[in-house]
Amino acid sequence: MRISRFLLATLKENPADAEVISHQLMLRAGMIRRLAAGLYTWLPLGLRVLRKVENIVRDEMNKSGAQEILMPAVQPAELWQQSGRWDQYGPELLRFKDRHDREFCYGPTHEEIITNLIRNEIRSYKQLPVNLYQIQTKFRDEIRPRFGIMRGREFLMKDSYSFHLEQSSLDETYELMYETYTKIFNRLGLKFRAVLADNGNIGGSRSHEFHVLAESGEDAIAYSTTGDYAANVEVAGDVKVGDPSPDGKSVLDIARGIEVGHIFQLGDKYAKAMGASVLDEAGKSTTLIMGCYGIGVSRLVAATIEQNHDKNGIIWPEAIAPFSVALLPMNMHKSQRLRDAAEDLYNKLQAAGIDVLFDDRKERPGVMFANAELMGIPHRIVIGDRGLDKSEVEYKGRLDEKSQNIPIDKIIEFIVG
RNA sequence: CGGGGUAUAGCGCAGUCUGGUAGCGCACUUGGUUUGGGACCAAGGUGUCGGGGGUUCGAAUCCCUCUACCCCGACCA
């Protein structure tokens, strides 16, 4: 991509209403723009990151054997009345009527819809277990949206739902999802922790939350300093630093976290209320049991920035960087030789399948450096007349202290390798 | 929903107390000089001063009212 044709929307100054660093940097780097409270437009730079996160989530879900579907965002009230949540959910549920005066809501979650699907489609125990997921925009009319995309009202979520005949099968899928989530957050390069969690108003029995560790996190998590125990303080109760750990190992410490994933065992709550059952081996009708598993895809983008930034801007992990390489020519307008060499390298980088952002503007070097760093591009290639005399370009990783000179015909393998 | 605050150019702000018809920085446009860390000079465009109502000869400024947004608390991926 040439910057001259890219909707670059960087800001020098911090917008006044951005409180946390990820919100500030997402605005300054030109990733998002606010439309109304908790509602954001994803600009090209931001959407590139969001899509990469989404694809990692999708890839690992597929590898786990889950199947992708897409359910309607708009849901009829009747299903919510069947589960009992139409009256329980409260004003967080955005409700409205269509032209025929029928009641609907914009889905904040999809237990009712998936249970309705399964009760119509699944007849036999032989079709179980099944795990279906979608990646979709949700809406929750939060009391107080804040921190930009971190707690928006509209957000992108991966939600999956598994159905089983027996608890042992649910346990297996639950463990599989636990492992899948671990793989996903590892691929994203995040420091995170899985903790015992409260079930909230989704209901059910067993649940774990996955928290990205960050000072700005809205949750407090208590964990054993040497053991495996870790729990949301909501669950751990009235604990403080230094208390003995419930697992008997060492003592508790408390850290702050951003909840980016949550896995639940729901039991038969929805299947029972909505009549989802199959015939078992003995030909007897049996109510299904269910698990559900969520990941805040858009929130992950913000959480990643909370964990990866410096005074110059964002530091994207390679896996989700909007561009892998920033190609910065120094005063290209003054040298045809340099222009030719830069264009040639740009084409070769693209041909090698590298996401490259070519700064073809007539800008001063400092502006190019500052923009590339703000946007958090992992690799920087500076190409100038000085280096061309020796057939070299200058390379610097986003986290490197110093740059190094690399022969121009070796730079691609240097970056790929 | 309770408590606190803000609203003036795309962004950041001053001007409001003490009414006189809107300004600064960044960004943007044009020309020139620059060019290895967010350049400089010159010229230029930019506003329903959040909306409505009122007071006044005159309102960004005073009064009433509505709205939006932000921060602190309870909910959540």
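Convention: sequence-line order gives letters A, B, ...; per-chain numbering from 1.
RNA chain B lies under 4.0 Å from no heavy atom of any residue of residues 44-74 of chain A.
Residues meeting the side-chain contact (heavy atoms from CB on, under 4.5 Å) test with A:Pro44, sequence neighbours left out: A:Phe6, A:Leu7. Residues passing the ring-ring contact (aromatic ring centres under 6.0 Å, His included) test with A:Tyr106, sequence neighbours excluded: none. Residues that satisfy the salt bridge (charged side-chain N to carboxylate O under 4.0 Å, His left out) test with A:Asp355, not counting sequence neighbours, are A:Arg48, A:Lys52. Remark: A:His379 pairs with A:Tyr395 by the ring-ring contact (aromatic ring centres under 6.0 Å, His included) rule, at least two apart or across chains. Qualifying salt bridge (charged side-chain N to carboxylate O under 4.0 Å, His left out) partners for A:Lys396, counting only residues two or more places apart in sequence or in other chains: none.
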Atom pairs and distances, side-chain donor-acceptor, residues 320-333 of chain A, under 3.5 Å, sequence neighbours left out:
unit_1, atom_1, unit_2, atom_2, d
A:Ser324, OG, A:Glu318, OE2, 2.8

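A:Glu259 comes within contact range of the sugar-phosphate backbone alone, with a heavy-atom separation under 4.0 Å but no base atom that close. Within the 4.0 angstrom heavy-atom criterion, no nucleotide atom of any strand lies near A:Gly294.
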In B/S/- notation (B base, S sugar-phosphate only, - none; protein heavy atoms under 4.0 Å), nucleotides 27-36 of chain B written 5' to 3' is S------BBB
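A pairwise comparison of heavy atoms in A:Ala303 and A:Val260 identifies CB-CG1, 4.0 Å as the closest pair. Contact record, A:Ser22 with A:Met150: OG-CE, 3.9 Å, taken as the closest heavy-atom pair.
Counting heavy atoms from C-beta on, the side chains of A:Thr109 and A:Arg140 come closer than 4.5 Å. Taking 4.5 Å as the limit, every side-chain heavy atom of A:Glu78 sits out of range of all side-chain heavy atoms of A:Glu103.
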Output one line per pair: protein atom, nucleotide atom from nucleotides 68-71 of chain B, and distance, for all N/O pairs under 3.5 Å.
unit_1, atom_1, unit_2, atom_2, d
B:C69, OP1, A:Ala37, N, 3.0

What N/O pairs connect the protein and nucleotides 40-51 of chain B at under 3.5 Å? Give each pair on its own line.
none

Under 3.5 Å between N/O atoms: give me all the protein pairs with nucleotides 8-10 of chain B, atom names plus distance.
none

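Taking atom C1' in both B:U18 and B:C69, one finds a spacing of 30 Å when rounded to whole Å.
Aromatic ring orientation, A:His208 versus A:Tyr174: tilted (interplanar angle from 30° to 60°).
Among residue pairs with one or both ends in residues 340-362 of chain A, those qualifying as ring pair (Phe, Tyr, Trp, His ring centres under 6.0 Å) are A:Tyr346-A:Phe358; sequence neighbours excluded.
Salt bridge status for A:Glu373 with A:Arg398: absent, with no side-chain N to carboxylate O gap under 4.0 Å.
The ring-ring contact (aromatic ring centres under 6.0 Å, His included) test with A:Trp80 is passed by exactly one of A:Phe104, A:Tyr89, A:Trp86: A:Tyr89.
The distance from atom NZ of A:Lys311 to atom P of B:G38 is 12 Å, rounded to the nearest whole Å. Per the geometry, CE belonging to A:Met150 stands 14 Å off C1' belonging to B:C76, to the nearest Å. Rounding to whole angstrom units, CE of residue A:Met368 and P of B:G38 are separated by 14 Å.
A ring-centre distance under 6.0 Å is found for A:Phe210 and A:Phe185. You'll find the ring centres of A:Phe264 and A:His262 inside the 6.0 Å limit.
Pair check for B:A14 finds none; no Watson-Crick or G-U wobble contact set falls under 3.5 Å. The pairing partner recorded for B:G44 is B:C28, the criterion being a Watson-Crick or G-U wobble arrangement whose two distances lie under 3.5 angstrom.
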